[in-house]
Amino acid sequence: MDGEPAEVVYEIAKGFVYSSAVRCRACRRKERARRDEAKRVHLEGIARKNQARMAREREIIMTSSYVWFHWALLSAVFAS
Ligand SMILES: [Zn+2]
């Protein structure tokens with residue numbers, strides 16, 4: 001990488017070609033596995049977030065129905 005500018009450009013271009021387009025079967029498979037893994041982790045993160053949100057919503061519903069039940073119970077007791 002210390003030759004003429006044209007040579008440098010050629011070396012860089014070769015690097016791009018080798019690192020992206022031209023890959024052997026093993027490298028393509030490895031890259032696909034890496035991408036699949038990244039996608040899996042990403043989707044798992046979303047699923048975990050959704051589960052946490054659903055648990056929070058369930059808790060709010062349970063708490064509010066608990067409060068409502070006791071309010072109704074106390075009202076009935078004091079009304080009688
Ligand atoms: Zn390879």
Side-chain angles (χ1 to χ4, degrees):
M1 284 270 291
D2 55 353
E4 294 290 306
E7 245 177 288
V8 173
V9 168
Y10 174 74
E11 287 298 316
I12 291 169
K14 206 168 69 176
F16 272 118
V17 169
Y18 278 128
S19 63
S20 58
V22 180
R23 283 205 184 105
C24 69
R25 187 188 289 261
C27 288
R28 275 206 308 271
R29 201 184 305 130
K30 215 166 84 177
E31 175 60 15
R32 180 145 29 116
R34 190 193 64 74
R35 255 185 299 132
D36 285 351
E37 174 66 8
K39 188 175 164 186
R40 190 185 64 76
V41 168
H42 175 70
L43 292 177
E44 260 182 21
I46 290 172
R48 225 190 343 267
K49 235 181 265 175
N50 280 344
Q51 268 173 4
R53 186 171 51 76
M54 276 158 62
R56 236 179 2 255
E57 283 170 0
R58 198 164 49 237
E59 177 135 334
I60 288 166
I61 289 166
M62 281 165 67
T63 303
S64 57
S65 52
Y66 177 87
V67 167
W68 183 86
F69 173 74
H70 282 86
W71 175 81
L73 193 70
L74 288 173
S75 297
V77 166
F78 283 109
S80 63

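Ligands are counted one by one from 1 in listed order, and the atoms in each one are counted from 1 as well.
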Are more than 12 heavy atoms from other residues, nucleotides or ligands located less than 6.0 Å from atom CD of E59?
->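 For E59, atom CD is not crowded (no more than 12 foreign heavy atoms under 6.0 Å).
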Could you name all protein N, O or S atoms found under 2.8 Å from the Zn ion (ligand 1)?
-> C24 SG, C27 SG
Donor-acceptor contact below 3.5 Å, side chain R28 vs main chain R23 | yes
So, do S75 and W71 sit near enough that their side-chain heavy atoms are less than 4.5 Å apart?
-> yes
Is there side-chain contact between K39 and R35, with at least one heavy-atom pair below 4.5 Å?
-> no
Between R34 and E31, is there a side-chain N and carboxylate O pair less than 4.0 Å apart?
->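 Answer for the salt bridge query: yes.
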Measuring from I61:CD1 to E57:CD, what's the distance to the nearest 0.5 Å?
-> 6.5 Å
